[in-house]
Amino acid sequence: MKSHHDISRMYINGRWVGANSHATFPVYNPSNGEKIGDVADGNRDDAQKAIHAAQEAFGLWSGRTAYARSKYLHKAYQVMMDSKEHLARVMTQEQGKPLKASRGEIQYGADFLLWYAEEAKRIYGETIPAPRSDQRFIVLRQPVGVVAAITPWNYPMSMITRKVAPALAAGCTIVLKPAEATPLCAIEIFKIFEKAGIPAGVVNLVTALNPAPIGEVFATHPMIRKITFTGSTQVGKILAKKAADQVKHVSLELGGHAPFIVFEDSDPVYAAKGAVLVKFLNTGQACISPNRIFVHQSIIEPFIEEFKSRVSKMLAGSGFEDGVSIGPLVNDAAIQKVERQVRDAVDQGATLICGGQRLKDNDLDKGFFYAPTLLGGVTPNMLIYREETFGPVAPVITFNTDEEVLEMANDTNYGLAAYVYTRSLSRAMRMFEGLRFGIVGINDINPTAAAAPFGGMKESGLGREGGRDGIAEYLETKLGGFSI
Ligand code: ADP
């Protein structure tokens, strides 16, 4: 049996604490099924304690100068950069992604701390000309109050800093529940906040195996003024409905179904390289992962050939091994979802060009590995054409005209990311303007950065994270009318 001290704890009111109930839950390595830790299993009481701590701290934190808040964020950035290698190893062990990808995520995550350390000092108000000569209008931007955040397992560190950094910069305090698959990553990030000296109660972490009761407390507790969530559209809707009762602010980063459009004037080899890189990033477990690859009929052959040749060289395995680019999926349910979509597509006439099976050799059966897969001849009646995949499957669809492909690309309830490959400036501009997606990459597979607004249209979400828009999510506008 593990001793009490081996349990990874929650961070509430500046202290590392076990769950009120003393319950714990295990965490596993998705590459080999090995248990890697036990974590405090918080419940409603713990969530409430954390909210009270954040409420208590709000007055002092929001009362500090922007310069003081900025200093803490700068310090957190430094500590995070100093611990980069350690953090990357924790992430690869718990989430499964290759070490190189973990390092990349840590840099991306740290960038938010740095960017919002600067932006804290630029929360400007306004003066507005008033209609009466004895009147003055002044606009203030104030923190919304205590924030509740829920984060996912696919980017288990950067999704935390992407929320916490702007919230703290704005003057908000926060309670956060990470995904049950990756609590150890969250704990490491909160150790950084502790080391940076962020005062007690300003940032609070509640870990739990069962997310629903914690989500319920977050969405219904009167002290919470804002919910920020990254995860599935289904859960986002549940939270938004509950939060509506008290008209809480809500930001949602939800699912996606990104089109990746390759026009006939682009280089099919270059486009295929980009498509492979972004499709298999994080083993397809990203909300901006291409879910429908539209290729012009006239260049389908060279595109498929290059795509297939690149996929055949991809190595699956533990993220600690050199040369591995395909990590595990998060759990068995994720494998089953991919299997169902591939089976459905093939049954309805799609061509399986490569992959299409769970990987079992070389001990991979101990983890959740699925071969990188290419499907040709995909049509709108197939599940994969509508459902988010969240796995390493690339469905290719052919098209003939610009109008046709724009209509097909927009024919989805999602609206997060879209990608376009073309050498024509006017075509690029028409697509950029016509695609109903929050992020459009033109010959660019990585249109994200701490300075840029990330977020979706339609059922992909509400609000933006990153950049100036990202801090606005944590601020309220107050108008002062002065009669003089
Ligand atoms: P995925 O299906 O990709 O795991 P989820 O939306 O289920 O996405 O998970 C994203 C986050 O939402 C995780 O932190 C998870 O614990 C949390 N979550 C899942 N279900 C609920 C719920 N009913 N209420 C609140 N949070 C939830």
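Just follow the structure's listing: the first ligand is 1, and inside any ligand the first atom is 1.
Within the 4.5 Å cutoff, the side chain of N204 has no heavy atoms near those of the F190 side chain. Contact of the I288 side chain with the Y419 side chain is registered, since non-hydrogen atoms from C-beta on lie closer than 4.5 Å. In this structure, the side chains of Y108 and T448 come closer than 4.5 Å at one or more pairs of heavy atoms.
Residue contact check: F229 has heavy atoms under 4.0 Å from atoms 6 (O), 11 (C), 12 (O) of ligand 1. Here is the list of ligand 1 atoms found below 4.0 Å of a heavy atom in A212: 22 (C), 23 (N), 24 (N). Against a heavy-atom cut-off of under 4.0 Å, G231 is close to the following atoms of ligand 1: 6 (O), 10 (C). The ligand atoms of ligand 1 that sit less than 4.0 angstrom from a heavy atom of A179 are 13 (C), 14 (O). The contact set between ligand 1 and G215, taken as ligand atoms under 4.0 Å from a residue heavy atom, comprises 25 (C). Ligand-side atoms of ligand 1 in range of I150: 11 (C), 12 (O), 14 (O), 17 (C), 25 (C), 26 (N), range being under 4.0 angstrom from any heavy atom. Ligand-side atoms of ligand 1 in range of T151: 11 (C), 13 (C), 14 (O), range being under 4.0 angstrom from any heavy atom. Against a heavy-atom cut-off of under 4.0 Å, E180 is close to the following atoms of ligand 1: 15 (C), 16 (O).
Backbone and side-chain nitrogen or oxygen atoms of T230 are examined, and none is located within less than 3.5 angstrom of a nitrogen or oxygen of ligand 1.
The shell of residues lying under 4.0 angstrom from ligand 1, judged by heavy atoms, includes P178.
Geometrically, K97 engages Y155 in a cation-pi contact, judged by NZ or CZ lying under 6.0 Å from the ring centre and within 45° of the ring axis. A cation-pi contact, defined as under 6.0 Å to the ring centre and within 45° of the axis, links R292 to Y385.
Closest to atom 21 (C) of ligand 1 among all protein heavy atoms lies V235 CG1, 3.4 Å. In terms of protein heavy atoms, atom 5 (P) of ligand 1 is closest to S232 OG, 3.6 Å. Scanning the protein heavy atoms around atom 3 (O) of ligand 1, the nearest turns out to be W153 NE1, 3.6 Å. Nearest to atom 19 (C) of ligand 1 among the protein's heavy atoms is P211 CG, 3.5 Å.
A salt bridge does not link E473 with K163: every distance from a Lys NZ or Arg NE/NH1/NH2 to an Asp or Glu carboxylate oxygen is 4.0 Å or more.
For the side-chain contact (heavy atoms from CB on, under 4.5 Å) with V39, the lone residue among T24, V27, I7 that qualifies is V27.
Classified by interplanar angle (parallel below 30°, tilted 30° to 60°, perpendicular above 60°), the ring pair F112/Y116 is parallel. Note on ring orientation: taking the six-membered ring where Trp is involved, the planes of F390 and W153 are perpendicular (angle over 60°, cut-offs 30° and 60°).
A side-chain donor-acceptor contact under 3.5 Å links T389 and Q341.
Distance check on atom 9 (O) of ligand 1: every protein heavy atom falls at or beyond the 4.0 Å cut-off.
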